[in-house]
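All remarks here apply to the structure that follows.
Every chain is numbered from 1 and lettered A, B, ... according to where its sequence line falls, protein lines coming before strand lines.
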There are 2 protein chains.
Amino acid sequence: MARAGLTRARLALAAAELADQAGFEHVTLSAVARHFDVKVASIYSHVASAHDLKTRITLLALDELADRLAVALAGRAGKDALAAFAEVFRNYAREHPGRYAATRYRLDGATAAASAGPRHAEMSRAILRGYDLTGVDQTHAVRLLGSVVHGFVSLELEGAFSHSAPGSDVSWSRSLDALDFLLRNWPAPATPADPIEEP
Amino acid sequence: MARAGLTRARLALAAAELADQAGFEHVTLSAVARHFDVKVASIYSHVASAHDLKTRITLLALDELADRLAVALAGRAGKDALAAFAEVFRNYAREHPGRYAATRYRLDGATAAASAGPRHAEMSRAILRGYDLTGVDQTHAVRLLGSVVHGFVSLELEGAFSHSAPGSDVSWSRSLDALDFLLRNWPAPATPADPIEEP
DNA sequence: AGCGACAACCTAAAGGCTATAGGCAAAAAC
DNA sequence: GTTTTTGCCTATAGCCTTTAGGTTGTCGCT
């Protein structure tokens, strides 16, 4: 009987494709086994569990995204970089909704640390080099940036914006304009914390 | 044999509690049946399917959230209203992570229309009455507002902000400051679309 | 070429989840 | 007090995960 030639990597890739087509939550060892015309038990020689397989999709997705981000950010700064960064996220989510969803799959600490997650963080921060933000303000801005991009992309993917005019494309570009404006004019705290600073 | 006294509503509530404790993705007819010390098949007299039960959690959560929002927004305007709105989301997500996750469960059109979703939309828009935004800019702003709040809250819930200083509380309040500033100074489009307007 | 040994894939089986069909008895209706 | 309703049950079947243990390609070694 001919062998299917399974591999950790091939399994992860097939699972990622399945995720994109059927949704991340429908990724199943059984489905992957069917795809390779192999019995389910065989999968366990290459992957520890269903959770493991999903984790591999996540790592794959984070990696691909980081690669795209790196390419898009090369040689760009300021709003250009901001827009490129955001566009990569949005396009990735549209092209690969399942993988994008996988991106939200919970990793344990060690796995997360070894993932492309830190590269993402670095690149987010790199974008802000084009703006005049220092110290903790940079961190706040990174977090806000992440929130806007992730929030918009996932709401859009859920169809939250598709039941009213105008099309979400316009809102997207206006949101990026707004974000750029904000980063160029980062406001001081409105409620200046408790007046007592650490002595 | 005494009866358990199952009800659509009691089931939904128990399921919501289960979601908060175990995570929305672990809500299962079996688990709910165990909770009521009843056989799984019995559940089907009250609920059409697992999907149906999850949908009911979603509707419950949307309703609760809308109620809280209504209370919080009463008598507030401007940044006050903005902060109250956002705070309700964040607190709800922290108190009820499972229900908050349910909020992202996909509803079919009819169900969504009959849900508290439209109330949410109304209230988001109401917040912007305190700012000087008109026409489509209002829509863009509503979408951005939703993106920021949802994005921040879900990233925070995933622990995305818990691996670096400072605490996310600070970033949250700075993000709201930023959002308020943005709504008070809503920028014009940076790339003024194609100069040709529809004649 | 032949022989091991490893790796790749298999069968079998158990346990959990969803779902449907049909039965019995408690509660409600009269 | 009988009838009807309906709440919950048993039984069954299908799909998914996971583990244990068997078989057979395939490669390296001699």
Using modelled atom types only, decide if a donor and an acceptor are shared between the side chain of B:Arg174 and the backbone of A:Asp137 within a distance under 3.5 Å.
-> no

Kindly say if A:Ser30 contacts the phosphate of D:dC16, meaning a side-chain N or O under 4.0 Å from OP1 or OP2.
-> yes

Test applied, side-chain contact (heavy atoms from CB on, under 4.5 Å); reference residue, A:Ser49; option that passes from A:Val47, A:Asp52, A:Leu53 | A:Asp52

Could you tell me whether the side chains of B:Tyr100 and B:Asp20 share a donor-acceptor contact shorter than 3.5 Å?
-> no

According to a strict under-4.0 Å criterion, is A:Thr28 in side-chain N/O contact with OP1 or OP2 of D:dC15?
-> no

In whole angstroms, the gap separating C1' of C:dC17 from CG of B:Leu18 amounts to 14 Å

Take the protein atom NZ of A:Lys54 and the nucleotide atom C1' of D:dT17, then report the distance between them rounded to whole Å.
-> 11 Å

Within the structure, does a side-chain N or O atom of A:His26 lie under 4.0 Å from either OP1 or OP2 of D:dC16?
-> no

Is the distance from OP1 or OP2 of D:dC9 to the nearest side-chain N or O of B:Ser42 less than 4.0 Å?
-> yes

Hey, does the side chain of B:Arg34 come within less than 4.0 Å of C:dC17's phosphate (OP1/OP2), counting only N and O?
-> yes

When the distance from CD1 of A:Ile43 to C1' of C:dC10 is rounded to whole Å, what number comes out?
-> 13 Å

Comparing B:Lys39 and A:Ala31 on DNA chain D - which has the more 5′ nearest nucleotide | B:Lys39

Would you classify B:Ser45 as touching base, sugar-phosphate or nothing, given that sugar-phosphate means primed atoms plus P, OP1 and OP2, and contacts are heavy atoms under 4.0 Å?
-> base

Listed nucleotide nearest any side-chain atom of B:Ala41, set D:dC9, C:dC10, C:dC9 | D:dC9

Tell me yes or no: between the side chains of B:Ser154 and B:Arg104, is some donor less than 3.5 Å from an acceptor?
-> no

Once you round it to whole Å, what is the distance between C1' of C:dT11 and OH of A:Tyr44?
-> 16 Å

Shortest side-chain distance from A:His46, nucleotide among C:dC9, D:dG7, C:dA19 | C:dC9

Take the protein atom CG of B:Leu11 and the nucleotide atom P of D:dG7, then report the distance between them rounded to whole Å.
-> 11 Å

Regarding B:Glu87 and B:Trp172, is there a side-chain donor-to-acceptor distance under 3.5 Å anywhere?
-> yes

When rounded to whole Å, the CG to P distance for the pair A:Leu29 and C:dG15 reads 20 Å

Between P of D:dC16 and CD of B:Glu25, the distance in whole Å | 19 Å

